[in-house]
Amino acid sequence: MVGSKLEPAVLTRRSGAPLVAHCLPIVGTARDFLGLARAVLVVHDLSPVASNGRERAMKKAYGLTQSEARLAPRIGAGESARDAAEYG
């Protein structure tokens with residue numbers, strides 16, 4: 001079914017937190033951009049990550065400064081840039 005919402009799948013592991021997989025159908029104008037792709041599979045690892053490991057990964061992946069890497073997860077979680085900076 002094109003465009004229908006699929007429930008996420010929880011993938012258990014022998015050790016550690018589970019993985020949660022989401023299959024997101026590609027619809028509308030996104031098909032123009034993504035060509036032949038019909039879905040995107042997103043997998044979330046629910047294992048806790050130390051903040052310094054997360055910041056290091058964000059710096060490397062996106063070319064962020066230390067301060068930007070510290071603020072990015074907070075802004076991504078819905079905080080305003082001002083609030084994240086004041087309490088970061």
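A search for side chain to side chain contact (heavy atoms under 4.5 Å, CB included) contacts involving S15 returns nothing, not counting sequence neighbours. When the side chain to side chain contact (heavy atoms under 4.5 Å, CB included) test is applied to T12, no partner is found at least two apart in sequence or on another chain. With sequence neighbours excluded, the residues satisfying salt bridge (Lys or Arg N to Asp or Glu O under 4.0 Å) with E79 are R74. Listed by chain and residue number, D45, S47 satisfy the side chain to side chain donor-acceptor pair (under 3.5 Å) test with R13 (two or more places apart in sequence, or in another chain). For A37, the side chain to side chain contact (heavy atoms under 4.5 Å, CB included) criterion is met by I26, L34, not counting sequence neighbours.
A72 and L64 make their closest contact through CB-CD1, 4.3 Å (heavy atoms, listed as atom of the first residue, atom of the second, distance). The two residues V10 and P18 come nearest to each other via the heavy atoms CG1-CB, 3.9 Å. Closest approach of P8 and V20 over heavy atoms only: CB-CG1, 3.9 Å.
Under a 4.5 Å side-chain heavy-atom cut-off, the cluster of Ile, Leu, Val, Met, Phe, Trp and Tyr residues that includes L11 is completed by L19, L41, V43.
To the nearest 0.5 angstrom, R56 atom CZ is 9.5 Å from Q66 atom CD.
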